[in-house]
There are 2 protein chains.
Amino acid sequence: MSRMHNPAHPGEVLRDWLPEQMTVTQAAKELQVSRVTLSKVLNGKAGITAAMSLRLSAWLGTTPDVWLGMQTQWDLWQAKKQPRPNIKPLERLPV
Amino acid sequence: MSRMHNPAHPGEVLRDWLPEQMTVTQAAKELQVSRVTLSKVLNGKAGITAAMSLRLSAWLGTTPDVWLGMQTQWDLWQAKKQPRPNIKPLERLPV
DNA sequence: ATATGTGTTAATTAACTATTTACAATACTT
DNA sequence: AAGTATTGTAAATAGTTAATTAACACATAT
């Protein structure tokens, strides 16, 4: 029964990983991305790319999958809210 | 020790899911995407988007995560092959 | 008041997905 | 052999997104 409700966007989760006194500017510098890029991620204005997940994992000591998977679930949630075509399930020969 | 070696791209895996006699043209029709779009996915010229994973899961009776997750791992593998910045791990206060 | 630092927006560039149209190559049918 | 279907791919177009730098408003410190 997991992931039933609107998940937090990954940037929100990332925010919780930053030390209290750490500024966006400083974090961006350590991640070697621009201030703007990090700010957008933190505010859900941009997603976490594969490359970004590698940066985050190197910095925070996690696996990249944590971040990329979170983004994937977010993307999926968003896509589910869009209108979808009516696709008839493929008939497979019974085994 | 999973995912150590170059993973097959998702399109390759998808190909194995199609019934023997099913043509790309026919599959594209059922998925309600253009022939070109499906062909590109099958040949690794395009990735599987969240929307596409929903189509595939509806058609093939899987979860969307199967396809989207596969794409994610592929993307991660590709990203790992790129040159990466040297990021110093964040010093955290010991617990 | 002047300077500095901070977070966000604006504008730009680059990359990617998806569509239609078109073409060449291959296979299948009659 | 002639015609038909299938496939992969390319070109042109439209829409989306990520990343950068430049610019802005706001705060803080000297």
Starting at the 5' end of DNA chain C, which residue's closest nucleotide do you reach first, B:Gln71 or A:Lys40?
A:Lys40

Between B:Asp65 and A:Gln73, is any side-chain donor less than 3.5 angstrom from a side-chain acceptor?
yes

Is A:Thr23 touching bases, backbone alone, or none of the nucleic acid, heavy atoms closer than 4.0 Å?
sugar-phosphate

Please classify the nucleic acid contact of B:Val33 as base, sugar-phosphate, or nothing, using heavy-atom distances under 4.0 Å.
sugar-phosphate

Could you check which of D:dT21, C:dT19, D:dG8 has an atom nearest any side-chain atom of B:Ser39?
D:dG8

May I have the distance from A:Asp75 (atom CG) to D:dT16 (atom C1'), rounded to whole angstrom?
12 Å

Is there a path of hydrophobic side-chain contacts, each under 4.5 Å between heavy atoms of I, L, V, M, F, W or Y residues, that connects B:Val13 with B:Leu38?
yes

Between B:Trp67 and B:Ser57, is there a side-chain donor-acceptor contact under 3.5 Å, judged purely by atom types and distance?
no

Counting any heavy atom closer than 4.0 Å, what does A:Thr25 reach on the DNA or RNA strands: base, sugar-phosphate only, or nothing?
sugar-phosphate

With the side chain of B:Val36 defined as its heavy atoms from C-beta on, choose the nearest nucleotide among D:dA18, C:dT20, D:dG8.
C:dT20

A:Leu42 CG to D:dA18 C1': how many Å, rounded?
15 Å

Heavy atoms only, 4.0 Å cut-off, all strands: where does A:Arg55 land among base, sugar-phosphate and nothing?
nothing

Using a cut-off of 4.0 Å on non-hydrogen atoms, how would the nucleic acid contact of A:Thr49 be classed: base, sugar-phosphate, or nothing?
sugar-phosphate

A:Leu38 CG - D:dT21 P separation (whole Å)
15 Å

For B:Trp77 and B:Lys81, run side-chain contact (heavy atoms from CB on, under 4.5 Å): C-alpha distance rounded to whole Å, both residues' side-chain angles, the deciding distance at 0.1 Å, then the answer.
CA-CA 7 Å; B:Trp77 180 268; B:Lys81 297 196 302 194; 3.9 Å; yes

B:Thr37 has a side chain; which of D:dT20, D:dG8, C:dA18 sits nearest to it?
C:dA18

Figure out the CZ/P separation between A:Arg35 and C:dG5, and round it to whole Å.
11 Å

